[in-house]
Amino acid sequence: TTPRAGTMRLACMFSSILLFGAAGLLLFIGLQDPTELALQQVPGIKFNIKPQEPHSDLPSGSSQDGDFKAPTESVTRDLSSRGPRGLNLQVSQQSQAHLNAGARLRPRQRRRRLLIKKMPTAAAIPANSSAGTFVRPAPRALDGRWVSLHQSQQERKRVMRDACAKYRASSSRRAVTPRHVSRIFVEDRHRVLYCEVPKAGCSNWKRVLMVLAGLASSTADIQHNTVHYGSALKRLDTFDRQGILHRLSTYTKMLFVREPFERLVSAFRDKFEHPNSYYHPVFGKAILARYRANASREALRTGSGVRFPEFIQYLLDVHRPVGMDIHWDHVSRLCSPCLIDYDFVGKFESMEDDADFFLSLIHAPRNLTFPRFKDRHSQEARTTAQIAHQYFAQLSTPQRQRTYDFYYMDYLMFNYSKPFADLY
């Protein structure tokens, strides 16, 4: 062959290689999942391509022991994501909003999940706008009040996060166990998780959940024993590991708190100033035997008549004769707010507004409102700040200080003021 012919053959071979390469590239692009291509444009995402089974919907089931990562960590983001087959996404903190805005959850689920956390700045949205995830106020809520309640929620969550970051730095790296979610009740129809804080409206909130679940037509029809001793509402720890993770990562999580000293006095009045077949023999007997000098035989037999200073002695005793009880345990222990990222933080002191706002956010029936009746001992006045001060006036200054120290994280985390001027 001549040199000219050899050159022409090389040129033909080179052209063929280019054509085959271009065809392969077009075929690859055509086979790419459009969701995958879109995700490649999201900042902060690193791709680790490896064979992987696709995620499936997570069923409920019986409880299982074992640790699992908190929903605020990468494990939950992986569970809540529905990425293309073969992709293992490692998501940075900054890119979470982009992923949550993806197409892996149905729009209604996504809106409910992000209703509070991802709400745009209220001031940037006209009052009559329905843009983004800012939900229009229900007829029972005025626009200005709606915006104010949203801003209050943002501030409460910021304070809670700051307290957790300052004092519980290692919490975000801990594993959530069934014990951490044992006080959380589940309502699947409206996808709500409620952490029960006793003496902060918990009886009436459980009534509301039962109506939401279709178990009753009215909160007024539900008796106290049905609320607390029935099995109508499921606890989150009764589900298996996948069921727990699925709900933590997709449901709206809420809790209601109360000023710690008022909550403590409310618990004391309820459990020790009225006949009680559990707290008197279990707690009352032990308290009287330990902290009352020359207790009468009748008092030791029944456990009745515990005084508030004796109760405080029991509470502050590191070697207390009986264990802690949920009615006066810390909210930070009951609900693990540094481990579980709650979407809504309500307060007993602003219950009516907060409850109305929350029910509007989850699209509850219009005729469902939070009940205001007193669940027990209805003839007595509710425990107020003034009543709580009267009880704490029975204590010495060091006892008040130690009690404040005992509940310090709750005061800090939920932004309550010091109840006495001499506290430090």
Side-chain angles (χ1 to χ4, degrees), residues 179 182-183 196-200 202-203 224-225 227-229 257-336 348 374-411 418-420 422-424:
R179 179 184 65 80
S182 63
R183 307 309 312 172
E196 176 189 34
V197 178
K199 313 312 297 180
C202 68
S203 299
H224 176 85
N225 287 349
V227 169
H228 289 289
Y229 307 118
V257 299
R258 187 176 185 178
E259 202 280 337
F261 277 16
E262 292 180 32
R263 177 173 168 253
L264 182 64
V265 170
S266 177
F268 174 79
R269 294 175 71 198
D270 180 28
K271 305 307 179 187
F272 294 102
E273 292 186 348
H274 300 275
N276 192 294
S277 60
Y278 173 74
Y279 285 90
H280 289 191
V282 174
F283 288 87
K285 284 183 179 181
I287 290 173
L288 292 173
R290 182 76 163 261
Y291 307 109
R292 179 177 294 182
N294 303 317
S296 69
R297 185 173 300 177
E298 179 65 13
L300 294 175
R301 184 184 68 82
T302 63
S304 300
V306 172
R307 303 182 187 112
F308 189 65
E310 295 166 339
F311 173 67
I312 294 299
Q313 282 184 278
Y314 145 77
L315 183 72
L316 300 178
D317 190 348
V318 293
H319 302 294
R320 60 178 69 95
V322 280
M324 185 58 66
D325 183 82
I326 60 171
H327 290 83
W328 45 83
D329 204 351
H330 315 79
V331 176
S332 54
R333 279 169 47 95
L334 292 171
C335 297
S336 302
F348 184 85
K374 198 167 184 287
D375 191 48
R376 292 165 54 128
H377 317 305
S378 57
Q379 73 281 3
E380 290 185 352
R382 293 183 186 274
T383 301
T384 61
Q386 182 179 3
I387 292 176
H389 272 66
Q390 292 173 2
Y391 278 79
F392 273 89
Q394 303 173 38
L395 306 181
S396 66
T397 300
Q399 281 180 312
R400 286 200 298 268
Q401 181 64 53
R402 289 185 60 202
T403 308
Y404 176 74
D405 293 342
F406 186 82
Y407 289 108
Y408 178 70
M409 278 304 297
D410 284 358
Y411 273 100
K418 294 177 183 178
F420 288 88
D422 59 355
L423 297 175
Y424 57 86

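Numbers for residues simply follow the sequence, beginning at 1.
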- Per the ring pair (Phe, Tyr, Trp, His ring centres under 6.0 Å) rule, which among Tyr391, Phe268, Phe308, Tyr411 passes with Phe261? Tyr411
- Message: Side chains of Gln313 and Asp317: any donor to acceptor distance under 3.5 Å?
- Response: no
- Query: Picking from Phe311, Tyr291, Trp328, what satisfies ring pair (Phe, Tyr, Trp, His ring centres under 6.0 Å) with Phe283?
  - Reply: Trp328
- Backbone N/O of His280 and side chain of Lys285: donor-acceptor pair under 3.5 Å: no
- Message: Any side-chain to backbone donor/acceptor pair from Arg263 onto Pro198? Under 3.5 Å, distance only.
- Response: yes
- Task: Please examine the side chains of Val197 and Phe348, heavy atoms only from C-beta on, and report whether any two atoms are closer than 4.5 Å.
- Result: no
- Between Arg269, Glu262, Arg258, which is the residue that forms a side-chain hydrogen bond (donor to acceptor under 3.5 Å, both in side chains) with Thr383? Arg269
- Query: Under 3.5 Å, side chain of Arg400 to main-chain N/O of Leu395, donor-acceptor pair present?
  - Reply: yes
- Message: Is the shortest side-chain heavy-atom distance between Phe392 and Gln399 below 4.5 Å?
- Response: no
- Query: Looking at side-chain heavy atoms only, is the closest gap between Gln394 and Arg307 below 4.5 Å?
  - Reply: no
- So, His389 side chain and Phe420 main chain: donor-acceptor pair closer than 3.5 Å or not? no
- Measure from the side-chain N and O atoms of Gln401 to the backbone N and O of Tyr424, and report whether any donor-acceptor pair falls under 3.5 Å. yes
- Side-chain heavy atoms of Tyr314 within contact of Val322, under 4.5 Å: yes
- Task: Evaluate whether atom CZ of Arg382 has more than 12 neighbouring non-hydrogen atoms of other residues, nucleotides or ligands under 6.0 angstrom away.
- Result: yes
